[in-house]
Amino acid sequence: MADIIQPRLLKGFRDFLPHAEMERAALLEKLTATFRSFGFVPIDTPALEYAEILLGKAGGETEKQVYRFNDNGGRDVALRFDLTVPFARFMAEHYGELYLPFKRYHMAKVWRGENTQRGRYREFMQCDFDIVGVDTAVADFDILATIASAMRALGVQGSKIHVSHRGVFNRFLDRAGIGEKSVETLRIVDKLSKIGAEETRRQLSELVGVGIADEVLEFIRPGDGFSATLDRITRIAGGSNPDSDRLAELFGMADSCGLADSIVLAPSITRGLDYYTGVVFETFLDAVPDIGSVCSGGRYNDLASLYTKQRLPGVGASVGLDRLLAALETTQAGSKPAGYVKFVIVNLDSALAGEYQAAAAEMRAAGIACEVFPETRKLVSQYAYSEQKGASFAVVRGVTEKERGVWILRDLASRSNTEYASLEALISAAASEPRPVGDTTAP
RNA sequence: GUGGAUGUAGCUCAGCGGUAGAGUCCCAGAAUGUGGAUCUGGUUGUCGCGGGUUCGAACCCCGUCAUCCACCCCA
């Protein structure tokens, strides 16, 4: 007798049971529809690439997190840790075959060997969308509008996109004479909402001195409105400049589209990553702000400079699918998604197997998802199965019903039966049934 | 990577040196083809895994794996 191998999973890697995977799939479908409605096209790239390609610009932190090994041919390879670096390689590789501006979306798994936590895993899904080849306010706004649209499509009650501009911040830093400490300053500032104003002030004072720390705090102070805040940071940064103008343009477009309320100018958000050069943004849900940003991104000057001499400016964002799922779970607790199948054809007699299959075929032809229970089992068990599958109805027909010439439609939620003289009558009656599917929340 | 907490039935948890338990769920029957109340009976298990101490370990010790929390960083 062979020893049983203990079934187990690697730290930070997960299985998805049908219920969870159906929720995830539903989310991806909504995002896909949104991206397509804005003109983004899909691409895919390999999970595994030459380590040299993926790690080209990576700093110490990233490098430690990358899954890297030698393949059987001795090649130095690594699993992708985000979708942006492979995208850069992709653009350089296919530059001649593509048109600009290029708008793509890419939803795929990435891997990072970092320590796990709630909502943070070693294998997780990223949903990126970018516009490369242009550096305009229109492109920036397109990304913001896509985010807002996606949030609406996902059924999020309320969300705010916090926007800022790296350029304006850098002007301010240069003016304050701490340009060379920009990276450290940005890192501290980025934590404002987490550690509070006092702690931010203390850390900043340590880095640049009390006077300048106060200036920084004044710069990042939450404002009273987009325009007022923009005026203030522009003044502190030394007056009118193209970056402030870009922000004003963005807000103008948002206002025209009725999105002014969804967008907040938040000078304290700067994004940790240093490759952003223009607007940066993070998206927070009104209901669960403490879960963090569910969609972040920004503008970068040069996407693919490591792989090509072509200059490719771009702007894009990434939806944190797992975090978003966690957030939606807290706001829509207890909701059970409808099953894929609406009908289960109960199997009462193996002599009627052909009839069951014919009925199923007819229903599918009518556009109704259904399945035949695959063995004769007692009714209780078949009803329970049907409910597990999220079906609304069971179709019951045994020898007695056949003799009587009837089809029984059982409403699984109300547990009531209705008889029909023909399958066609049953189908049309069920098709006009207004009751929403999957309503199992009632006590 | 650093520090802390936790792993017992499918689920929620109790037990903390002396025969593994409760609730729930599930199964069977009272109702021989129609699931929800009630009653009766029944099954739940490598006590995360591997060592050690002990007459005896779910319990104490060491290691290990996993989860959660904080730091770090990020999606």
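A, B, ... follow the sequence lines: proteins, then strands. Residue 1 opens every chain.
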Consider the side chain of [X], meaning its heavy atoms from C-beta on, and name the nucleotide among [options] that approaches it most closely.
X	options	result
A/R415	B/rA75, B/rU34, B/rG36	B/rG36
A/Q117	B/rG33, B/rG35, B/rC72	B/rC72
A/L412	B/rA75, B/rU34, B/rG35	B/rG35
A/Y121	B/rU34, B/rG35, B/rA75	B/rA75
A/K11	B/rC73, B/rG35, B/rA66	B/rA66
A/Y383	B/rC74, B/rG35, B/rG33	B/rG35

Sticking with atom [atom1], work out how far [N] lies from [M], rounded to a whole angstrom.
N	M	atom1	value
B/rG18	B/rA57	P	11 Å
B/rA58	B/rA14	C1'	12 Å
B/rG29	B/rG21	P	27 Å
B/rU32	B/rU44	C1'	29 Å
B/rG10	B/rC27	P	15 Å
B/rA75	B/rG36	C1'	44 Å
B/rA20	B/rA30	C1'	32 Å
B/rG1	B/rU64	P	12 Å

Describe the nucleic acid contact of [X] in one word from base, sugar-phosphate, nothing, applying a heavy-atom distance below 4.0 Å.
X	result
A/L321	nothing
A/L348	base
A/V396	base
A/E401	base

Identified pairing partner of [N], criterion: Watson-Crick or G-U wobble below 3.5 Å:
N	value
B/rA30	B/rU38
B/rU2	B/rA70
B/rG21	B/rC13
B/rU54	none

Expected list for residues 103-116 of chain A near RNA chain B, using heavy atoms below 4.0 Å, is A/R112, A/E114, A/N115, A/T116
Main-chain N/O of [Y] paired to [X] side chain as donor or acceptor, under 3.5 Å:
X	Y	result
A/R397	A/V406	yes
A/S293	A/T283	yes
A/R166	A/Y276	yes
A/D411	A/S416	no

Tell me: [atom1] of [X] to [atom2] of [N], nearest whole Å?
X	N	atom1	atom2	result
A/D82	B/rC74	CG	C1'	11 Å
A/R323	B/rC73	CZ	P	14 Å
A/M151	B/rA75	CE	C1'	12 Å

Which residues share a side chain to side chain donor-acceptor pair (under 3.5 Å) with A/E21, sequence neighbours left out
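With neighbours one apart ignored, the set is A/R24.
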The salt bridge (Lys or Arg N to Asp or Glu O under 4.0 Å) partner of A/K103 among A/D128, A/D142, A/D130 is A/D142
Requested in this report: Kindly indicate whether the side chain of A/N70, heavy atoms from C-beta on, has any atom under 4.5 Å from the side chain of A/D76.
Outcome: yes
Should the pair A/F40 and A/F129 be assigned to parallel (<30°), tilted (30 to 60°) or perpendicular (>60°) ring geometry?
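Perpendicular: the ring planes of A/F40 and A/F129 meet at over 60°.
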**Prompt:** Does A/S318 or A/G12 map to a spot on RNA chain B nearer the 5' end, using the closest nucleotide for each?
**Reply:**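 So the residue in question is A/G12.
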Next on the checklist: Between A/L10 and A/C295, which residue's closest nucleotide on RNA chain B lies nearer the 5′ terminus?
Outcome noted: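 In this pair, the answer is A/L10.
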ask   = Between the base of B/rG1 and the side chain of A/Q65, is there a donor-acceptor distance below 3.5 Å?
value = no
Considering only residues two or more places apart or on different chains, which pairs with a residue in residues 342-363 of chain A satisfy ring pair (Phe, Tyr, Trp, His ring centres under 6.0 Å)?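 Those involving residues 342-363 of chain A are A/F343-A/F393.
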